[in-house]
Every structure is written in structure tokens, then in C-alpha cells.
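Naming: A, B, ... by sequence-line order, numbering from 1 per chain.
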Number of protein chains: 4
Amino acid sequence: MLNVSIIGGSGYTGLELLRILLNHPFVSIKRVTSRQFAGKQACDIFPSLPDETLFFENPSIEDIARDSELVFTCVPHKAAMEIVPQFYEKGLKVIDLSADFRLKIQNTYETWYGPHTAPSLLNQVVYGLTEIYREDIKTAKVIANPGCYPTSVLLPLIPLLKNKIISNENIIIDSKSGVSGAGRSLSLTSLYCEANESFMAYKVGEHRHTPEIEQELSIASEKEVIINFTPHLTPLTRGILSTIYCDLKIKNLDLSEFISDYYKESPFIRIRNNNILPNVSHVRGSNFCDISFKTDKRNGKLIIISCIDNLVKGASGQAVQNMNVMSGFDEKTALNIIPQYP
Amino acid sequence: MLNVSIIGGSGYTGLELLRILLNHPFVSIKRVTSRQFAGKQACDIFPSLPDETLFFENPSIEDIARDSELVFTCVPHKAAMEIVPQFYEKGLKVIDLSADFRLKIQNTYETWYGPHTAPSLLNQVVYGLTEIYREDIKTAKVIANPGCYPTSVLLPLIPLLKNKIISNENIIIDSKSGVSGAGRSLSLTSLYCEANESFMAYKVGEHRHTPEIEQELSIASEKEVIINFTPHLTPLTRGILSTIYCDLKIKNLDLSEFISDYYKESPFIRIRNNNILPNVSHVRGSNFCDISFKTDKRNGKLIIISCIDNLVKGASGQAVQNMNVMSGFDEKTALNIIPQYP
Amino acid sequence: MLNVSIIGGSGYTGLELLRILLNHPFVSIKRVTSRQFAGKQACDIFPSLPDETLFFENPSIEDIARDSELVFTCVPHKAAMEIVPQFYEKGLKVIDLSADFRLKIQNTYETWYGPHTAPSLLNQVVYGLTEIYREDIKTAKVIANPGCYPTSVLLPLIPLLKNKIISNENIIIDSKSGVSGAGRSLSLTSLYCEANESFMAYKVGEHRHTPEIEQELSIASEKEVIINFTPHLTPLTRGILSTIYCDLKIKNLDLSEFISDYYKESPFIRIRNNNILPNVSHVRGSNFCDISFKTDKRNGKLIIISCIDNLVKGASGQAVQNMNVMSGFDEKTALNIIPQYP
Amino acid sequence: MLNVSIIGGSGYTGLELLRILLNHPFVSIKRVTSRQFAGKQACDIFPSLPDETLFFENPSIEDIARDSELVFTCVPHKAAMEIVPQFYEKGLKVIDLSADFRLKIQNTYETWYGPHTAPSLLNQVVYGLTEIYREDIKTAKVIANPGCYPTSVLLPLIPLLKNKIISNENIIIDSKSGVSGAGRSLSLTSLYCEANESFMAYKVGEHRHTPEIEQELSIASEKEVIINFTPHLTPLTRGILSTIYCDLKIKNLDLSEFISDYYKESPFIRIRNNNILPNVSHVRGSNFCDISFKTDKRNGKLIIISCIDNLVKGASGQAVQNMNVMSGFDEKTALNIIPQYP
């Protein structure tokens with residue numbers, strides 16, 4: 001059994017880790033930390049949870065390190081950079097769900113997020129987009145688990161850019177997210193009466209997932225890529241759908257076939273033909289990423305549609321997928337969840 | 001491996017059976033029938049399904065009987081009474097999700113539903129409320145799987161009536177259901193724009209689940225029980241919550257303790273204290289039934305709140321639970337699904 | 001022109017008053033106060049508002065009194081009892097939307113809400129259920145605008161109790177409210193991801209609208225009435241639907257006809273026959289209260305269904321209706337809003 | 001009083017015309033036709049309607065022509081081309097809400113919709129985008145009321161293209177619509193359980209509003225424009241939001257100021273600064289079109305966001321606006337509806 005702990009377990013990603021890991025046959029959950037709820041039963045805070053033996057705690061780093069081999073850090077950015085190095089130094093494997101270790105260039109991080117206090121760790125970290133970096137993840141000590149928007153965008157784009165199938169210029173990404181992407185903290189825009197029957201764009205051209213997407217697209221295309229990224233808030237709980245517009249360089253290629261082949265060892269990628277376009281409801285609660293390609297015959301633009309459950313493949317599911325790869329478990333362990341429909 | 005088939009598999013209960021059974025370690029799905037979609041891949045009709053080897057068929061009863069040991073019949077009432085006897089005669093076990101075999105008295109059935117063409121089978125059938133009739137289910141040949149509203153109502157009420165804790169008069173049941181209770185067929189009231197931002201009562205005092213509830217409450221109290229039952233339609237996809245008002249006969253009893261003890265061998269019953277009232281979101285996608293009791297100190301009324309996922313404990317989950325009991329499997333097999341929250 | 005001000009205008013009831021009053025031909029809005037947003041344009045805080053000339057202010061009571069003849073106080077209970085007496089003493093008419101002046105007996109108020117600091121005003125106040133107290137409202141100085149749940153419950157029940165048509169015992173009220181009833185303040189249960197796809201009862205037997213309902217039912221029946229009141233939270237923005245169970249004393253009376261006649265001078269009461277049951281979507285955005293009656297033939301119970309838009313007839317609409325009556329305007333002025341459907 | 005009739009009044013656009021016109025001081029509704037519901041009271045089919053004197057009828061064209069001066073035709077495309085010419089020949093003014101007369105080139109129509117049986121009328125028709133063609137509308141006999149998506153797209157783009165501020169190449173339009181855009185007819189994708197908690201693109205590069213948008217953009221830019229248009233279905237009842245990506249040709253222009261000036265006589269256009277981005281909830285139930293501009297500093301792309309209520313400015317509201325202009329009424333008559341929020 002792999003002994004794991006969840007640091008900052010009282011948000012939606014913490015709960016989702018619990019939902020998945022409580023059914024994991026090779027994992028033992030040692031500690032779930034929460035400053036706010038320390039001492040309380042997890043199932044009192046999250047009444048969906050059936051397990052009555054689980055309590056939130058507020059232990060020291062030492063206590064956690066003593067009985068855990070791997071930690072999932074689910075704390076906000078800035079807080080993660082304080083604790084991840086401590087776990088790393090104590091020899092624990094870390095899967096960090098915050099943004100703190102996703103950007104490889106300290107400068108880029110600081111432009112978008114402010115000062116970084118643990119830059120020396122940046123080059124130890126593997127970006128945890130499992131399907132792309134699987135080999136590196138196997139031996140990684142610290143994983144920067146990708147952002148939700150980037151996961152939906154990078155999975156279809158990286159294979160195309162790596163193979164020079166599309167231009168690396170003029171890529172436009174129009175993404176739509178459910179409200180759970182904003183987490184469980186109190187804010188006006190997250191209120192039911194504000195988000196219900198509502199639809200809006202936000203942080204147009206300014207969202208912090210922009211440099212993360214650009215970093216990975218630049219690596220794939222071996223050239224600096226500048227994108228347009230516009231996120232939208234849509235009235236549903238779970239799901240991200242990204243509509244991506246780009247220019248084909250190689251025509252007459254069967255893209256569905258190409259990408260199916262590219263991901264043939266990746267059980268969570270499902271390529272859709274044009275009769276069944278991706279829909280967030282088709283992936284709800286699961287680790288799938290559904291992708292489709294459509295070329296607009298009238299002007300040659302390639303339109304890519306991609307969707308995930310932001311809390312699963314966009315966060316906790318991918319984190320467990322990475323843990324499975326790091327630990328030599330079958331990648332699908334505890335993740336063969338059939339989406340709940342309707 | 002138990003060989004099972006699903007008859008009428010293209011509705012929401014059929015899909016939900018597939019979601020559960022595809023993860024069942026001791027079951028092999030032989031056939032899934034659908035007149036409408038015969039010949040099509042199940043995952044083309046239900047794109048949430050990952051299994052690409054499953055096809056809808058329209059085989060003869062003989063073909064189904066040849067390779068199946070147990071069938072789930074998910075056809076509408078009236079259609080079920082035509083096919084259930086045929087499977088029964090061929091020696092298959094049947095779990096019928098329609099209303100056709102739930103009422104033991106032919107006359108009562110005909111008052112509410114019209115003519116019954118297979119009345120002779122009625123006394124062979126076991127009412128499949130697992131927690132109450134577990135012993136009978138073990139050896140049953142035909143199960144009448146309970147209705148969704150009755151399941152939510154009977155589980156808390158039967159133990160209280162059996163033990164004369166509440167009066168069998170003046171029981172008022174105010175139930176609220178999500179829209180999936182109406183199935184996947186096209187109707188004006190099921191349209192998004194009609195059901196969204198909408199809340200209404202329907203079939204007040206006339207809903208066909210009334211005699212089903214009354215039959216079981218009468219058995220429990222050994223006296224004829226007449227209830228008031230008012231169902232409501234609420235804008236959510238899954239879930240039923242019933243608020244039940246009744247008169248306590250025995251006071252000063254700790255009802256939570258009593259019922260916890262009554263159901264101590266029933267893993268899907270969760271008794272809630274008053275800090276965490278039942279909420280359909282706490283059981284979503286799972287086979288749990290959450291129950292709480294509250295006595296109104298000002299007038300002595302007992303208010304019972306009970307909720308289930310109508311597609312799981314209210315239909316396909318309970319059907320699998322019954323199959324597990326009939327087949328000697330652990331009752332929780334394939335049903336240890338942690339509710340998906342949020 | 002009647003000069004009015006809105007005290008505490010930055011919540012949903014304040015916004016709804018603005019939506020209605022900006023179209024009122026005989027009203028001039030002098031001031032809209034908000035501590036939080038003083039100095040800001042109202043249309044920056046509420047971008048739905050087209051009026052660009054309206055600013056939030058934080059003026060003194062004296063300033064408000066100088067240029068206003070009538071104030072709507074939309075502050076929380078406890079805060080209202082501080083300011084309503086000051087406006088009253090300065091000769092302004094007051095329509096108070098809080099709970100502070102709804103209960104006539106100081107003791108009852110204090111049992112449910114805590115200390116009351118302005119009990120001497122209680123006997124000056126008229127309870128603003130327009131259809132019932134229209135004559136008193138015409139000359140009232142201070143109106144206690146009814147709570148949203150009580151409005152939906154009292155309008156159908158008072159005529160029946162006054163005329164001894166139903167028993168005053170064993171009245172059970174099962175109410176369902178949209179999320180806007182909780183206002184615009186930040187709380188976990190008001191978050192989109194918590195309220196969406198969710199349905200629960202809350203404050204069972206303990207809701208503060210209980211004594212308000214009982215006070216008015218007791219007056220109508222000239223006898224103390226004790227009710228059972230169970231509110232529920234339903235995933236929609238606007239609307240309350242109450243299902244009321246009671247015992248008929250006079251049978252063979254056409255209740256729809258009786259009540260249509262009772263309310264024949266009340267343009268906002270719509271009596272529904274049983275083909276079209278009340279639905280919150282039929283009254284959305286309007287001041288209507290839709291009511292239907294159904295007798296359960298099997299056991300003689302009377303089931304009353306009643307619904308309103310909680311922000312209109314349940315709050316700001318009824319406040320304007322009261323202002324119209326107090327000011328000699330046609331009761332429907334600015335309130336002839338056709339419900340927005342779908 | 002202007003005598004008007006509504007042809008095909010039992011869908012959502014018919015209902016919305018009734019909601020608006022019943023409050024119009026200068027209009028008398030003579031007939032509302034519906035084959036399906038002829039003989040029924042409108043308020044029995046649409047219980048939101050308070051007017052009890054209105055009945056659906058199925059009169060002859062002659063009967064309608066005898067007592068109406070203007071008709072709104074709300075029938076499906078193909079049906080409209082049969083009846084519009086008949087009303088035109090009888091001297092009635094027609095505002096057609098179908099697609100049949102929007103495309104000026106018969107050939108284009110037939111490519112996207114199939115045979116046109118009344119091509120000779122095409123050059124008599126004025127495209128009813130009020131803000132752009134107001135002068136022509138004043139004297140028009142037949143108005144082709146614009147599609148919902150085109151309205152949201154054309155209002156921001158036409159002024160920019162006319163003034164060569166943006167390039168007419170590489171325009172990408174990513175639109176999101178609520179479910180009411182699909183009307184009130186029964187279809188699987190319009191079911192609550194299918195549309196709720198769902199988000200998908202549809203008809204990618206194939207939607208029939210594409211040629212309508214291109215026609216008007218081509219006229220504005222005096223050059224053929226080919227666009228990319230991807231519509232999406234979002235789980236809300238009302239509203240369309242379009243996110244438009246294009247290339248600036250003239251930089252350093254204050255676009256908000258430019259467009260505010262361009263539309264200074266158009267009361268329904270609201271230009272938003274970047275603190276308050278357009279949101280469908282800010283225009284719900286109203287005839288407003290909210291627009292904002294954002295230049296992505298990192299790559300110079302212009303991102304335009306525009307939103308409307310698809311049933312009002314995208315259909316029935318704009319139809320009434322056109323009627324007002326054709327009839328010499330103030331353009332805002334019956335349309336000064338403040339959006340209902342929340």
C-alpha cells in the first residue's frame with residue numbers, strides 16, 4: 001500500500017481526491033489536513049462521503065512526513081511554494097495542484113503571479129500532463145499538476161504542433177468553464193443567483209493560465225507561441241469545453257486517425273467523429289478528455305473542440321493518474337469511472 | 001460469471017444499469033435490446049459510455065433466453081406484463097423495473113393502470129425493496145423493482161409502522177423529484193425551457209405510486225393505510241426528496257437510534273442527525289438512502305425527510321442490489337459508488 | 001410626484017424596487033442608500049439597470065427626511081428597528097421590508113429574534129398583506145411588509161379560516177423557495193455549486209416565519225393556531241411554492257368560486273383550475289399569487305397550492321402595491337408586469 | 001390604434017410578442033393564430049399570460065387581412081414564404097420572423113435552405129436590423145426580422161467594417177446560446193436532462209445563420225467576407241453571447257467612444273467598459289444589446305463581446321422595435337423593459 005496524505009483537503013479538489021482515492025485498491029490515506037476543519041469528521045463537512053473513519057487534521061509537516069510517502073498539495077498558489085520544498089527535502093513525492101511550479105521560467109511566473117520563493121525547485125519539477133510527459137513522470141519527485149484550462153487545450157494541440165500540422169501563429173482559444181472551477185470559497189460571482197441563467201467572459205486576455213498554455217505550446221513547436229485565450233463562465237457545476245481555432249499547414253491528413261494513433265496508449269483520450277461532438281456531460285465525473293476536429297470547408301480553418309471534467313482530468317483525476325504512473329500502478333487504477341449521465 | 005441481459009436498454013434506467021454493470025466483477029452483459037436503436041453501438045447513442053464493444057440488438061425472447069440467466073426488463077408498464085411471463089416460463093430470473101408486478105391485488109392494479117393480462121404471475125413476485133424483503137429476494141424468481149417515490153417513502157416508514165411507533169392515520173407525503181424521473185421520452189413538461197426555473201406539483205392525489213405505497217404501509221401496519229401523496233417536479237436532473245408528516249404514538253424514543261439499529265445490516269441506509277439534513281446532492285449517483293427525523297416540539301408532529309437518487313436506489317441501483325442478493329454476491333458489489341459532489 | 005427613498009438598496013429587494021419604481025409614473029426616487037457602495041453609480045453595481053443618473057449614497061436620516069415623503073427600508077432585522085422609528089417621528093411614511101415590525105406581540109418577537117428596542121411602535125404598524133388589510137393600509141403610517149413564505153401561505157388560508165371552511169388544527173405547510181430568498185450576501189449554501197442540483201429542507205419546525213404565519217391565521221380564525229412549517233431550498237433563482245394540507249369542515253363548497261369571489265377586487269390573485277396547477281414559472285417577475293385547491297377524494301384532505309415570485313409579491317412588488325394603496329394610486333400602477341416566460 | 005395579428009402565436013416568439021404587445025399603448029391585437037390550439041384561450045396554453053380575453057384562432061388569410069394592418073409571421077421557414085406574399089399582396093405590412101426573406105440572393109438561400117418559392121419578393125424586403133437600416137425600415141412593407149445570432153454579431157461588427165477599423169479577413173465568431181433558441185418543439189437535445197449540466201458546440205461551420213452574417217458584413221465592408229462561425233448550446237433559458245476575434249487595422253482608436261458615438265441615437269445599444277463585461281443576465285427580458293471591446297496587448301487581436309436576449313432583441317423585441325419605426329411610434333414604446341435580475 002502506498003501511504004498518501006492530502007494537504008488542504010477541504011475544497012472541491014480535496015473532496016474529489018477523496019472520492020477517487022477511497023476506491024483505490026493500492027492506496028492508504030494517512031492524513032487529510034484542513035486548518036479550518038481540523039478535528040472534524042470529513043463526512044460532516046462533506047456529507048456525500050460514506051467513510052466515517054476519516055477526520056480532518058492540522059498536523060506538522062514532520063508528522064505528515066513520518067507516515068506518508070506521497071502528498072497531494074491542494075493549497076492556493078503562494079502557499080504551495082512554502083510547503084512543497086519542505087516535503088521534497090524530507091524525501092516525499094509531491095503532486096502539487098497549485099500553479100506554483102507549472103511555469104519553468106521564474107520570470108514568467110513573477111510577471112503573472114508575483115514573487116517566487118522557491119525558484120531552485122523549478123528545474124526538479126515535471127509538468128504533469130500525463131499523456132505527454134508519461135516517461136518523465138515515472139521517475140519524478142515533484143509533479144506540477146496542470147491547470148484545468150491548459151489540460152483541455154494542450155492535449156489536442158501538442159501533437160499537432162509537434163508534427164507541424166498546424167501553424168503556431170494565430171491560435172485562438174475560446175474556453176468555457178463550469179462554476180466549480182472557482183472552488184468552494186465565497187465570492188459574489190460564485191453565488192447561485194449570480195451564476196445561474198448567466199453567461200459571461202472574464203479576464204479576457206489576462207487569465208493566468210495563458211503563460212502555462214504558451215510554455216507548453218512553445219516547447220511542442222520549438223518556437224515561441226503567443227495565443228489568444230478567452231475564458232467564459234457557464235452555468236453548470238462541472239466541465240470545461242475549449243473551442244480552438246487554428247490554421248492547418250498540412251491538409252488532406254485524417255486528423256482523427258492521426259491523433260487516435262498518437263494517443264493509442266492513452267486510455268483517457270477519446271476522439272469523437274463529427275456525429276457526436278464533445279459535450280461536458282459526456283465526461284462528467286470521469287477522467288476522459290473528448291476531442292473532435294472539424295475543418296471549415298469554406299475557409300480552411302481547423303476548429304478543435306475538447307472537453308474534460310475540470311475537477312477530474314482538470315485536477316484531482318489527473319493527479320491520481322500521475323500518482324499511478326509514478327508508483328508503477330496501472331494508469332487507470334481507481335479512474336475507470338464511467339461518466340454519470342444524465 | 002452471471003449472464004444478464006437488459007430489455008429496453010435505451011432509456012435512462014437502461015443506461016444507468018450499464019454504468020453500474022460494466023463495473024460489476026461477476027456479471028457478463030449478454031444483450032442490450034432496443035427496437036429503436038437495434039444495430040447501433042451503445043456508445044453512439046450514449047456517448048458517455050466508454051465501452052465500444054456493446055451494441056443494441058432486437059433479438060427474439062428465445063435468443064435472449066438461450067444465453068442469459070437473468071434479465072432486467074426496462075420497458076414501460078403494459079409492455080412488461082407481456083414479456084415477463086415469457087422469461088419466467090423459460091426459467092430466467094427477472095427483475096422488472098416497470099409497475100406491472102408491484103401491486104399484489106389485480107383489482108387495485110386495474111383501478112390505477114387498466115387491464116392486467118398476467119395476473120397469475122402476481123403471487124410469484126417478490127416486491128424488491130431490498131432492505132425489507134431481503135430474505136424473500138434471495139430465492140425469488142421474479143422481482144418487482146419498487147418505484148422511485150415508494151422507495152424513498154417506505155424505507156423510513158415501514159420500521160416505524162411495524163413497531164407501532166407512529167399512527168397509521170393522517171400520513172402526509174410531500175415528495176419532490178428531479179426531471180429524469182420522467183424518462184428520456186419527448187414531452188413538453190420535460191423540455192429544458194419548461195422545467196428550468198420552474199417548480200410545480202402534479203397529479204395531486206392521483207399519482208400511480210399511491211397504491212404501491214399504501215400496499216406496503218398496510219402490510220407493515222397490518223391495517224389498511226390511506227395516505228396523502230403529492231409529488232412535485234423540481235429543476236434538477238437526479239434526486240427525490242420526500243418530506244413525510246405523521247403522528248407519533250410512542251414518544252421519548254430516540255428514532256435515529258432505533259432506525260440505525262433496524263437497518264444495521266443495510267449498508268445503503270444512512271441516518272442523518274439534525275446538523276446535516278438529507279440533500280439529494282449528497283446521494284447523487286449512489287445507492288444511498290439518507291434519512292432524518294425531526295419532532296416539531298411545538299405540536300408533536302414527526303417530520304421525516306428521506307432522499308435517494310431516483311435513477312440509482314430508485315431504479316437501476318436497487319435492481320442490481322436485488323440481483324446481488326438473488327445471486328449470493330455481496331450486496332454492495334458494483335454499488336460502492338461514492339456520491340459525486342458537487 | 002411622490003418622493004421616495006430606498007434605505008439599503010444594494011441587495012436583491014433594493015434592486016427589485018428600482019426595477020419596478022423606475023417605471024412608476026407617479027414616483028420620484030430621491031435617494032438610494034448603501035453604506036458599502038456609497039458614491040458608486042447604481043448601474044455599475046447592478047449592470048442590468050439602464051439608468052445612469054442613479055448613485056448610491058450614505059446620507060443622514062435628516063437628509064433623507066428632508067426630501068422624501070416615503071421610505072422603503074430594506075435593511076436586515078435588528079437594523080430596521082433602529083431607523084424605522086426615526087423616520088416615523090420625522091413624519092415620513094415607512095414601508096419596512098424586514099421582520100422587525102411584523103409580530104404584534106413583543107414577547108413573540110423576542111422569543112424568535114431576540115430583544116426588540118422599539119416595542120412602542122408595534123401597535124402603530126399595519127401588517128402589509130395588501131389583499132387582507134387594504135383598508136387599514138390606506139391610512140397607515142408604517143407598514144410591516146410581509147415575509148415571502150407568509151404571503152404565499154396566508155393569501156389562500158385566511159379566507160378559508162375566516163369563514164370556518166377549514167379546521168384551524170392540523171395545518172401542514174410544506175414550502176419550497178428559490179435561492180434568491182437568501183439574499184445577495186455570501187454564504188456557503190448560496191454558492192452555485194452547493195445549491196445547483198441540490199434539494200433540501202432546512203430549519204425544520206424552526207423557521208422564523210412560523211410565528212408570523214400563526215399570528216395572522218390566529219387572527220383570521222379567532223383562535224390560536226399552531227402550524228407545521230417546513231421550508232425547502234430548491235435550485236431556481238426566483239419563486240416560492242407552498243403546498244398546504246388541511247381538513248375541510250364545510251364540504252360540497254366550490255372553493256375556487258368562493259375564493260374568486262372573495263378576491264374579486266384583488267387583481268393579483270389568480271385562481272387556477274386543476275388543469276393548470278400553479279407553477280413558479282407562471283408568476284416570475286410579476287406580482288401575481290396563483291392558487292389552486294384540490295380535495296383528495298380518497299381521504300377528504302384539502303390540498304392548497306399557492307405560488308408567488310418571492311422578490312415581487314413576496315417582497316418589493318407587494319411593497320410598491322402597499323405604497324400605491326397608501327398614496328391613492330391605482331393598486332396596479334407599475335405592477336402590471338406580465339410574467340416573463342420561459 | 002394599430003391593428004396587428006400574430007401568425008403562428010403558440011411558440012416562444014409568439015408568446016414573447018404577446019408579453020410585449022399587451023403592454024403597447026398604441027397597438028390592438030386582433031388575432032393570434034395557431035392551428036394546434038385554435039379555439040383555446042391563450043392563457044390556458046401560456047398560463048403566464050394574465051389576459052383572459054385572448055383566444056387562439058385559425059382564420060383564413062382573408063379574415064386576417066380584413067381587420068389587421070400589420071402581421072407578425074412566426075411560422076417556420078418554408079411556411080413563411082407561402083403566406084408572406086399573400087399578406088403583402090393584400091396590402092398588409094409584414095414583419096417576418098423566419099429566415100425566408102433574410103438572404104437577398106435566391107441562390108444563397110437555396111444553397112442553405114432549399115428551394116425558394118417567392119423569390120420575386122426578395123428585393124422588396126428590408127433586413128430589419130433596426131439600428132443599421134432604420135431609415136429603410138420607416139417605409140418598408142415587408143421586414144425580414146434578423147436571426148438571433150446575426151443580431152448579436154452584426155451590431156458590433158458593421159460599424160467597424162464600414163469604417164475600415166478592422167480587417168474583413170480572419171473574423172472568428174464563437175457564439176453561445178440558451179436553449180430557448182431551439183423553440184418549443186419537442187427534440188431530444190432540448191430535453192431538460194440532456195441540456196442541463198451540458199455544454200456543446202453544434203453545426204460547426206454549418207449553421208444557417210452563417211450566410212446571413214456574411215451577407216451583411218459583406219455589404220458593410222463592400223467586399224466579400226467569409227467568416228468562421230461556431231455556435232454552442234449553453235444551459236440557460238434565454239440569452240446569446242458572442243465572442244468575436246478580429247484584426248485591428250486602425251490602432252489607437254478608442255473603440256468604445258467610437259461606437260458609442262455611432263449608436264448615439266440607438267437607445268438599446270449599451271457599450272460596456274472593461275469593468276463590467278457583457279453578461280446575458282444583464283439583458284434578460286429586455287431589448288438591450290450590450291457590447292464591449294478588448295484589445296489583447298500581447299498580440300494585438302481585438303476581442304469583441306456582445307450579448308442579447310435571443311427572444312427579445314434576437315426576435316420579438318426587435319420585431320416590435322421595427323413595428324414602432326414603421327408606424328412612427330417612439331422606437332422604445334413597450335420596450336422600455338428593465339432587465340429582470342437576478
Side-chain angles (χ1 to χ4, degrees), chain A residues 169-172 174 176-178 189 191-206 210 214 226-230 232-241 243 245 247 274 276-282 284 292-301 303 305 307 340-342, chain D residues 169-172 174 176-178 189 191-206 210 214 226-230 232-241 243 245 247 274 276-282 284 292-301 303 305 307 340-342:
Chain A
E169 296 187 340
N170 209 17
I171 296 175
I172 288 172
D174 190 290
K176 299 87 179 173
S177 173
T189 50
L191 287 183
Y192 184 86
C193 294
E194 301 290 319
N196 185 39
E197 294 297 291
S198 158
F199 192 92
M200 64 170 183
Y202 67 102
K203 292 187 188 160
V204 179
E206 295 171 358
T210 307
E214 290 180 343
I226 303 277
I227 57 162
N228 251 96
F229 174 53
T230 307
H232 300 75
L233 190 62
T234 183
L236 50 83
T237 296
R238 285 168 179 251
I240 281 181
L241 185 138
T243 311
Y245 302 88
D247 295 319
N274 284 308
I276 302 168
L277 291 173
N279 186 326
V280 297
S281 66
H282 299 161
R284 187 164 50 232
S292 77
F293 300 98
K294 180 78 184 269
T295 307
D296 190 328
K297 287 170 210 152
R298 302 169 57 265
N299 57 17
K301 276 275 174 194
I303 300 118
I305 298 166
C307 77
Q340 179 186 299
Y341 187 95
Chain D
E169 296 186 342
N170 210 16
I171 296 174
I172 288 172
D174 190 290
K176 301 87 178 174
S177 174
T189 48
L191 287 183
Y192 184 86
C193 293
E194 302 289 319
N196 186 38
E197 293 298 290
S198 160
F199 192 92
M200 64 170 183
Y202 68 102
K203 293 190 187 159
V204 180
E206 295 171 359
T210 308
E214 292 181 342
I226 303 278
I227 58 162
N228 252 96
F229 175 53
T230 306
H232 299 74
L233 190 61
T234 183
L236 50 82
T237 296
R238 287 167 178 250
I240 282 181
L241 186 138
T243 313
Y245 302 88
D247 294 319
N274 284 308
I276 302 168
L277 290 174
N279 186 326
V280 297
S281 67
H282 299 160
R284 187 165 49 233
S292 77
F293 299 98
K294 181 77 182 272
T295 306
D296 190 327
K297 287 170 209 150
R298 299 168 59 265
N299 58 16
K301 277 274 175 197
I303 299 118
I305 298 166
C307 78
Q340 179 185 299
Y341 187 95

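- Note: D:I172 leads D:I305, D:I172, D:L277 in heavy-atom pairs under 4.5 Å with chain A.
- Neither the backbone nor the side chain of A:L233 comes within contact range of chain D; no heavy atom of the residue lies under 4.5 Å from a heavy atom of that chain.
- In terms of non-hydrogen atom pairs under 4.5 Å with chain A, the most contact-rich of D:T237, D:I240, D:N228 is D:N228.
- When heavy atoms are compared at a cutoff of 4.5 Å, A:P235 approaches chain D by way of both its backbone and its side chain.
- Using the six-membered ring where Trp is involved, A:F199 and D:F199 have ring planes that are parallel, under 30° apart on the 30 and 60° scheme.
- Residue contact with chain A, scored on non-hydrogen atoms closer than 4.5 Å, is absent for D:S292.
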Run the numbers on D:T234 and A:T234 for side chain to side chain donor-acceptor pair (under 3.5 Å), then give the verdict.
-> CA-CA 7 Å; D:T234 183; A:T234 183; 2.9 Å; yes
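- With values rounded to the nearest 0.5 angstrom, D:D174 atom CG is found 3.5 Å from A:Y245 atom OH.
- Shown here are the salt bridge (charged side-chain N to carboxylate O under 4.0 Å, His left out) partners of D:R238, two or more places apart in sequence or in another chain: D:E16, D:D309.
- Under the 4.5 Å side-chain criterion, counting only non-hydrogen atoms from C-beta, D:T230 is not in contact with A:K294.
- Among A:V204, A:D247, A:T210, A:T295, the residue making the largest number of heavy-atom pairs under 4.5 Å with chain D is A:V204.
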Would D:H232 and A:T243 count as a side-chain contact (heavy atoms from CB on, under 4.5 Å) if you check the C-alpha gap in whole Å, the side-chain angles of each, and the deciding distance to 0.1 Å?
-> CA-CA 10 Å; D:H232 299 74; A:T243 311; 2.7 Å; yes
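- Looking at D:H282, there are no atoms closer than 4.5 Å to chain A (heavy atoms on both sides), in backbone or side chain.
- Interface remark: A:N170 contributes side-chain atoms only to the contact with chain D (heavy atom separation under 4.5 Å).
- Using a 4.5 Å cut-off between heavy atoms, D:N279 contacts chain A through both its backbone and its side chain.
- What you find for D:L236 and A:E197 is that their closest heavy atoms are CA-OE2, 3.3 Å.
- Residues A:I226 and D:N299 come closest through the heavy atom pair CG2-CB, 3.8 Å.
- The pair D:E214-A:R298 meets the salt-bridge criterion, with a side-chain N (NZ, NE, NH1 or NH2) lying under 4.0 Å from an Asp/Glu carboxylate O.
- The heavy-atom pair separating A:P342 from D:C193 by the smallest distance is CB-O, 3.5 Å.
- Remark: A:E194 pairs with C:R184 by the salt bridge (charged side-chain N to carboxylate O under 4.0 Å, His left out) rule, at least two apart or across chains.
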